[in-house]
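Each remark here refers to the structure printed beneath this line.
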Number of protein chains: 2
Amino acid sequence: MFSKACEHAIKAMIYIATQSLENKRVKIGDVAKHTGSPEAYTAKIMGTLNKQGIVSSLTGPYGGFEINAKMMKQIKVSDIVFAIDGDSVYNGCGLGLNECSEEKPCPIHNEFVKVRSELKTMLETTSVFDLATKLQSGEVTLVR
Amino acid sequence: MFSKACEHAIKAMIYIATQSLENKRVKIGDVAKHTGSPEAYTAKIMGTLNKQGIVSSLTGPYGGFEINAKMMKQIKVSDIVFAIDGDSVYNGCGLGLNECSEEKPCPIHNEFVKVRSELKTMLETTSVFDLATKLQSGEVTLVR
DNA sequence: TTTTATTCGGATAAAATTGTCATAAATAAA
DNA sequence: TTTATTTATGACAATTTTATCCGAATAAAA
């Protein structure tokens, strides 16, 4: 569904959000530990997310990553997916055709658009804040 | 969504089905031409589908691939996806956790299962025959 | 029985993705 | 200003996926 990089990104964002809610800036090593993702790879992914402006970072001692509490409610999972995997999830053809539209559809186009539109809606209505509070409450887990 | 191999597989099955409906056995070169997929790779994929029993093949002159007309209505897209990509589409965690269930869910588990269940239903209710007749009618395309 | 056309299957290659490493840049504190 | 700590980033490595190649096996026709 999503690339591995995208999975790492979503998990990292959720963990950082929980810490930001407690006004704690987190180092990449902490992120890796709490998400079970490879540290260096996650660092690279965070660079992309930082450039896209959906996470902020500070170098040096007492540095690390954080997400503004207000932003957190505005950032949706769809933003993370788009930042890492691009629009393939939303616009790509189910059979991988370069051009596949209402006018020139592939055989599964009509069946596919319906399901994908629901996936899109789901991602667009789920905020990082929603997921972070879920994680804080202990009802869900990031590792295992 | 699906692997490239799986896309090739679905396209190949649909094309072979249209030919089988006209009692024509097709060679792998024909399949590749009409699906835009690489011939040798498709050949390998067909081997897997053949072993799984969702397509039949005959070696030698006048050989090739075909799908029994009765079977064609029973074979669903879900069977092809399962044969090539396994059950990851149906059971895999959205965040890639090894264990993710109702009891120990990941943060997006509940949102995810709903969408995926609709995808599953869609794939399970769409037969190769349905798609082949659509392609025959000219309302959809396999290449581009 | 020989020839010819085709799939089968294993070895290999190429490309993409995932992951690591080392060095540079930034920044805060001493 | 120096030092310690942390992110930023580009080069490299490993793994997985995608794709190719070629000889073996099979089967129909000559």
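Using a 4.5 Å heavy-atom threshold, the side chains of B:Cys106 and A:Leu142 count as separate. A 4.5 Å side-chain heavy-atom check between B:Thr133 and B:Leu21 finds at least one atom pair inside the cut-off. With contacts defined as side-chain heavy-atom distances shorter than 4.5 Å, the pair B:Pro38/B:His8 qualifies.
In this model, the phosphate group of C:dC8 is approached by a side-chain N or O of B:Asn50 to a distance below 4.0 Å at OP1 or OP2.
Atom CE in B:Met46 sits roughly 11 Å away from atom C1' in C:dT7 (whole-Å rounding). Taking atom CE of A:Met1 as the reference point, atom P of C:dT17 lies 18 Å away to the nearest angstrom. At whole-Å resolution of the value, CD in B:Glu66 and C1' in D:dA27 are 14 Å apart. C:dA5 atom P lies 18 Å from atom CZ of B:Phe65, rounded to whole Å. Note: CD (A:Glu39) to C1' (C:dG19) measures 12 Å, nearest angstrom. The distance between atom CD of B:Gln52 and atom C1' of C:dC8, rounded to the nearest whole Å, is 16 Å.
Of the residues in residues 8-38 of chain A, A:His8, A:Pro38 come within less than 4.0 Å of DNA chain C through at least one heavy atom, sorted by number. Near DNA chain D, meaning a heavy atom under 4.0 Å away, the residues from residues 53-60 of chain A are A:Ser57, A:Leu58, A:Thr59, A:Gly60.
Paired with B:Val128 under the rule side chain to side chain contact (heavy atoms under 4.5 Å, CB included), one option of B:Met72, B:Met71, B:Lys73 passes, and it is B:Met72.
A:Glu39 has no carboxylate O lying under 4.0 Å from a charged side-chain N of A:Lys44, or vice versa, which leaves the two without a salt bridge. Under 4.0 Å is where a charged nitrogen must lie from a carboxylate oxygen, and between A:Lys76 and A:Glu124 no such pair does. Between A:Glu111 and B:Lys134 there is a salt bridge, since a side-chain N of the basic residue sits under 4.0 Å from a carboxylate O of the acidic one. At a threshold of 4.0 Å, the pair B:Lys11-B:Glu7 does not count as salt-bridged, since none of the basic side-chain nitrogens sits closer than that to a carboxylate oxygen.
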**OP:** Any chance you could list the contact pattern along nucleotides 12-17 of chain D? Use B for base contacts, S for sugar-phosphate-only contacts and - for none, protein heavy atoms under 4.0 Å, 5' to 3'.
**Re:** ------

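Counting non-hydrogen atoms of other residues, nucleotides and ligands closer than 6.0 Å to CZ of A:Phe82 gives a total of 12 or fewer.
Each of B:Gly63 and A:Phe2 was assigned the nucleotide of DNA chain C with the nearest heavy atom; the assignment lying further toward the 5' end belongs to B:Gly63.
Residues B:Asp85 and B:Ser88 bring no donor and acceptor atom of their side chains to less than 3.5 Å of each other.
Proximity of a side-chain donor or acceptor of B:Ser101 to a complementary backbone N or O of B:Lys104 within less than 3.5 Å is detected.
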